Structures are given as C-alpha cells and as structure tokens.
Amino acid sequence: MTIFGLWVINKAGGLVYQRNFGDGLPNLTSNEYLVLAGTLHGIHAITSRLSPTGPSSGAQVIEGETFKLNILLTHTGTLIFLTSLVEPTADAMLQNVYEIYTEAVMKNPFHTPEMPIRTEGFDTKVTALLGGR
Amino acid sequence: MAYTQANPQNPRFSVLSSSSLSSAEHLSPNSSRFSLPNTPSINTTLGTPRPNLRPNIYDRHLSKTRAAEVSASSFAYLFSEVVQYTQKRVSGINDLERRLNILGYRIGMRVLELNVWRTESTSKAPKREIRFLPALMSIHTQVWRAVFGKPADAIEKSVENDDEYMIVDNEPPITRNISIPRDMSQLSCSSFTAGIVEAVLDGLGFVHDWILPKTPLPIQYVQPARVTAHNTPSDADAYPGRTTILIKLERSVIEREELLK
C-alpha cells in the first residue's frame, strides 16, 4: 500500500482528522499539523480563485517529485487529503474515504459537525480500506 | 414547554417537547403512547387523485411492498437526528433509552396492525397468536422483515431466568452507522427496536398485565420498559454491532402459558 497519510479538514480550515499509514512521514507535533492543515486549506482556497474560466473547485492534485497529494472537496466544503507515492488509484481511494466519511461520521448522532472526528466506526473502516496500524 | 402549551389538545407533541415531563407521565395510561392525534397531520381528503402523482400512502395497496422501500441513507440521517434531538432533552442514558423505546412503541403498534392485516385478511380462518413462542417466532421473522427487510438472527431463552427471552440481531440496520462514545458504552440505540417489540407483544396480550388494572396509577406503567436492548458484541469481533433484545415476561403470562399446554 502506498498511501501514507489521510487528513480531513473542515470548512473553516481546522484539522478534524489526521492519520499516518506506514513509515516515512516526518514526525510532527499536533500543533504543527494544525498549522499545515490551515495553510493547505488556504492554498486550496487560493487555487479556486485563480481559475481563468469562472468558479472552480480548486486544486485536486499537488504533485512533487517523489509523492502526490490528492485533494477532494466535498459538497459541504470539507476537504479530504491523501498523501501517497505516485498512486494511480488515489482518486478512487479518495472517493471511498469520502463514502466512509458520510457513512460512519455524518450518519453518527454522536458526531458534532465541524468538530474532530472521534468515531470508532470511521477508524475501523479507514483501517480496513487503507491498512495501517 | 411553550410548545405543549400551544398545543394542549395534541398529545403527539408532548412526547419529546419538554424535558420537564417526568418519565412516569409518559408511561401513564393517558400518555401519548396510547393516544392518537386529534387532527390528521397529512391531508387525506385529496379529491380525485391527479395522474403522475404517487398515490397517497393511505390509498396504496397494503400488501404490495415491493416499491414501498425507504432509502436506508435517508432513514439513517433521520434516525441520527432523532437520537440527537432526544439526547438534548434527557438527563441520562436510561432516560434516553426510554424515550427511544417510546418512539419505537408508537411504530410497533402500527407494525402489528399492518402485519395482521397483511397476513390474516386473506386467511379463511383468521387468528390471533395467543401462545408466546409462536408470537416470538413471528416477531423474529415477520416483524423484522416488515421493519428491517430481513429476519433477526437468533432467538434465545435465558438459562438463568425462565421468564427471559432474547432476540439477537448480528447487525441491526438502524445502528449500523452509529458509534457509541466510550463514556456512554451502556447505551444501545436499539432501544428503539425494543420499543417496537414491546408494542407488538403488548398488542398480542403479553408482557403487561392488562387484566388487573390497579388504581390510581398501575404499577406496571411506572416500571421501566420490560423489553430492553443490550450491546453484545460477538467474541471473534465478527459482529461488533451485535445487539440482544431482552424480553422479560410477566409472571402471569408464564402461568397462562402453562395452562394452555
């Protein structure tokens, strides 16, 4: 599996879910993660304003030399990020993660929207999909 | 409370409108559990039905259920809102479960009636189930199928108490997407299902002792629900959402069963 990280960012730019799969990602403190998430949210917002052909949903892929960052903007403004090596199925993976998110998080009465995701069902299903520890 | 005062005639609203109502009131004989709204909330007096319009739910055929399915997602969102709404108005897990039970009870009454119409109206010798075990079997298969689209997974009898029976569902559809937080691990949202089962058993003449009403407030009404739901995850983690609906029978029902043997 070449998926390394999964982030979910709420529409205000706050990091509500962050998980690492496999080794290799730098060890950051939770505060650093929050800052990075806010920055990424900002970058995404900027890219959505740069479109020459009217309104845009913003960046979908940020690609580096060795890795790829896939971004999914949901209808409600929540952003889902997936860090991977050059992974051709990352798009499909993102859709699956989104599906799990709607199933296990949005339909769970004990989840407060826009708040950090502490839902056991989400963890289990993400683990089943992406592996990891 | 303002809502109940605005609608003093309509007890339908009083079930959840205010947290100041005690649970005993909910379970009293005059509670909304047993009452019907005075005004129909759905306009049933449509004139000639317009073409291209789905027929009114009251005009549809009772037994044709093929196109009558409800989207599981829509129901999941609705049920999620029901739990959130209820949770804001209760003081503890027991109260929450009791209110879900009451909501389920209101569904169970209708399920029983509908099922009886479906199965007995075409029968040459219509009957009502008076023995407990066949009634339990019909809940396990027919009620479950009508409500959840599949039969329950098992019926068990308690080895310790002869008045306790259990219906087991390995993966209840209504709680499939619900993750209970750790601090509320006692909670089972299947109390809703327990309410349905309780209503069906009540309607068939089990569980509560109807024959000897006690005055002024019969003791059985203030007792907690006799049908309860419990989380019983299976050992091998195969069914983390496994739920047991526990039915505790009245002593008089067991005595009656003995007589009928």
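Just so it is clear, the model here is predicted, and its values are computed rather than measured.
- Atom CZ in B/R176 sits 8.0 Å away from atom CD in A/E103 (nearest 0.5 Å).
- No side-chain heavy atom of A/N108 sits less than 4.5 Å from a side-chain heavy atom of B/N177.
- With a 4.5 Å cut-off on non-hydrogen atoms, B/T175 does not touch chain A at all.
- Proximity to chain B involves both the backbone and the side chain of A/T102, based on heavy atoms less than 4.5 angstrom apart.
- Other residues, nucleotides and ligands contribute only 12 or fewer heavy atoms inside 6.0 Å of the NZ atom of A/K11.
- With a 6.0 Å radius and a threshold of 12 heavy atoms from other residues, nucleotides or ligands, B/Q186 has its CD atom at or below the threshold.
- B/C189 places a side-chain heavy atom less than 4.5 Å from the side chain of A/F110.
- Neither the backbone nor the side chain of B/E81 comes within less than 4.5 Å of any heavy atom of chain A.
- You'll find the side chain of A/K107 reaches within 4.5 Å of the side chain of B/S73, heavy atoms only.
- In this structure, the side chain of B/S179 engages the main chain of A/G121 through a donor-acceptor pair within 3.5 Å.
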